[in-house]
Amino acid sequence: MPDSLAIRLLDWFDQHGRHDLPWQQNPTPYRVWISEIMLQQTQVTTVIPYYQRFMDSFPDVNTLADATQDQVLAHWSGLGYYARARNLHKAAQIIQQDYDLQFPESQEELEALPGIGRSTAGAIRTLAHKQYAVILDGNVKRVLCRHDAVEGWPGKTAVAKALWLVAEDYTPQQRVDDYTQAIMDLGATLCTRSKPRCGDCPLQTTCVANAQGNPTAYPEKKPAKKKPQREETILLMINEQQQWLMQRRPEKGIWGGLWSFPVLEPDSELEEYLGKKGLKAQSTKELPLLMHQFSHFGLTIKPLQVNVSTTMVKEPQDTSSQWVELPDGLPGGVPAPISKIIDQLNPVTTT
Ligand code: SF4
């Protein structure tokens with residue numbers, strides 16, 4: 001059975017698989033790595049333009065290691081899950097310093113790099129180094145859960161362990177790189193989350209979920225838990241020179257390292273906050289609320305636009321905040337919701 005699954009999948013791949021994705025051309029470990037990280041939680045069509053821009057600016061591990069974090073995050077703006085970009089940058093610096101720019105090849109060395117887990121390490125080994133390795137990314141999990149009717153939420157350790165055993169069982173010794181690409185392609189194109197096309201699938205005769213007539217019942221969803229909700233007031237301050245104050249978010253926490261607007265803490269008064277910065281509000285305007293869903297909580301952003309004047313000579317600014325002209329003077333990457341706010345900014349007319 002395992003062999004026959006691989007054979008059917010490879011036959012299907014030869015005719016219907018994707019062979020012209022940008023990272024399939026010249027699949028060096030670096031190019032495969034960047035694509036695998038971008039493709040986590042993100043669709044191929046969204047990734048392609050980001051991937052191409054990233055490769056234009058950082059064509060190899062050396063250019064990525066030498067870039068600033070701001071430059072890297074600016075290329076990630078809008079893709080979300082920004083820890084992925086920060087980890088890429090850190091890992092590139094480790095490969096530059098500890099591996100003399102030679103991409104590591106062993107599972108252990110790859111998994112020791114920031115942001116690289118077992119499946120991503122496996123994908124780099126098979127697709128770039130042409131070694132035997134097993135992968136289990138989101139698409140593959142879905143195919144295997146359905147094919148073998150694996151019950152339980154794959155985020156649970158016991159279910160994940162069972163799935164890795166299934167994945168190992170089916171992965172063939174020959175053409176392992178094509179098999180890896182084939183099973184990812186099947187998940188992305190036929191065995192999709194909500195509308196699997198079982199009638200066109202090369203695995204339909206052995207797929208248990210298909211026989212049961214309920215493929216979308218697998219994989220089981222994460223047990224529902226109500227997400228906590230938070231609110232944040234952000235200050236869109238504009239000075240007499242029509243510049244806006246932007247601040248880099250702390251490394252830890254949401255949007256770490258990206259540029260946003262200063263946050264007014266819930267227990268702070270606006271006047272007092274501005275006073276400490278040597279500023280005074282001339283006028284204020286509440287802008288429409290913006291909702292944003294993170295994986296673990298919901299955020300309501302309350303943007304408050306404030307025209308400010310300077311009341312005293314400012315201390316030299318630290319590098320984590322800057323007065324900039326918008327939208328052209330962005331100092332680095334910005335999260336998607338902040339980018340939306342910037343698109344709608346207008347100076348307030350002082351009355
Ligand atoms: S038969 Fe349907 S559910 Fe089973 S692997 Fe193929 S597309 Fe997925």
Side-chain angles (χ1 to χ4, degrees), residues 1-21 23-24 32 35-36 38-48 117-123 125-127 132-224:
M1 160 102 77
D3 269 356
S4 104
L5 177 135
I7 290 166
R8 281 177 288 144
L9 204 48
L10 285 164
D11 282 349
W12 172 83
F13 175 70
D14 290 339
Q15 290 179 53
H16 304 288
R18 298 176 296 186
H19 300 273
D20 51 3
L21 297 171
W23 42 91
Q24 289 176 313
V32 169
S35 70
E36 285 297 316
M38 282 192 174
L39 287 165
Q40 290 168 5
Q41 336 269 353
T42 316
Q43 304 253 349
V44 165
T45 44
T46 308
V47 164
I48 289 175
R118 183 174 170 187
S119 184
T120 305
R125 289 178 59 215
T126 53
L127 298 175
Y132 177 85
V134 180
I135 70 151
L136 188 63
D137 70 359
N139 282 323
V140 179
K141 271 184 203 159
R142 187 166 58 253
V143 172
L144 296 181
C145 273
R146 288 173 178 174
H147 187 271
D148 280 35
V150 176
E151 291 183 357
W153 172 53
K156 275 176 96 172
T157 313
V159 181
K161 264 191 188 165
L163 276 170
W164 273 107
L165 291 177
V166 173
E168 282 166 8
D169 201 23
Y170 285 129
T171 305
Q173 294 290 337
Q174 279 86 38
R175 293 187 67 190
V176 66
D177 52 339
D178 285 345
Y179 171 84
T180 299
Q181 189 63 53
I183 193 160
M184 291 195 292
D185 284 4
L186 190 88
T189 61
L190 282 191
C191 195
T192 58
R193 202 178 302 271
S194 53
K195 287 193 186 123
R197 285 163 41 208
C198 302
D200 296 327
C201 177
L203 309 185
Q204 59 179 290
T205 52
T206 49
C207 175
V208 181
N210 180 42
Q212 292 174 345
N214 62 349
T216 53
Y218 304 92
E220 282 181 26
K221 296 204 172 38
K222 187 178 180 179

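Remember, it's 1-based here, ligands and their atoms both numbered in the order they're listed.
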Closest protein heavy atom to [atom], given as residue, atom name and distance to 0.1 Å:
{"atom": "atom 6 (Fe) of ligand 1", "answer": "Cys201 SG, 2.4 Å"}
{"atom": "atom 3 (S) of ligand 1", "answer": "Pro215 CB, 3.5 Å"}
{"atom": "atom 4 (Fe) of ligand 1", "answer": "Cys207 SG, 2.3 Å"}

According to the interplanar angle, ranging from 0 to 90°, do the rings of His147 and Tyr170 count as parallel (below 30°), tilted (30 to 60°) or perpendicular (above 60°)?
perpendicular
Between Cys198 and atom 2 (Fe) of ligand 1, is there a contact where an N/O/S atom of the residue lies under 2.8 Å from the metal?
yes
So that I can check it, does any N, O or S atom in Cys191 come closer than 2.8 Å to atom 4 (Fe) of ligand 1?
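No - counting backbone and side chain alike, Cys191 has no N, O or S atom under 2.8 Å.
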Which atoms of ligand 1 are found less than 4.0 Å from any heavy atom of Asn210?
1 (S)
Which of the atoms in ligand 1, numbered in the order shown and given with their element, are less than 4.0 Å from a heavy-atom of Gln204?
1 (S)
Taking the side chain as every heavy atom from C-beta outward, state whether Arg175 and Ile7 have any pair of such atoms under 4.5 Å apart.
no
Indicate the atoms forming the closest heavy-atom contact of Thr216 with Pro196, along with that distance.
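Smallest interatomic distance, heavy atoms only, reads CG2-CD, 3.7 Å.
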Part of Arg146 within contact of ligand 1 (heavy atoms, under 4.0 Å)
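Side chain only.
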Side-chain (Arg125) to main-chain (Ala133) donor-acceptor, under 3.5 angstrom:
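Checked: no pair found.
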So does Asp178 get a backbone contact from the side chain of Gln181, meaning a donor-acceptor N/O pair under 3.5 Å?
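Side chain of Gln181 to backbone of Asp178: no pair is present.
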Carboxylate-amine/guanidinium proximity below 4.0 Å for Arg146 and Glu220:
no
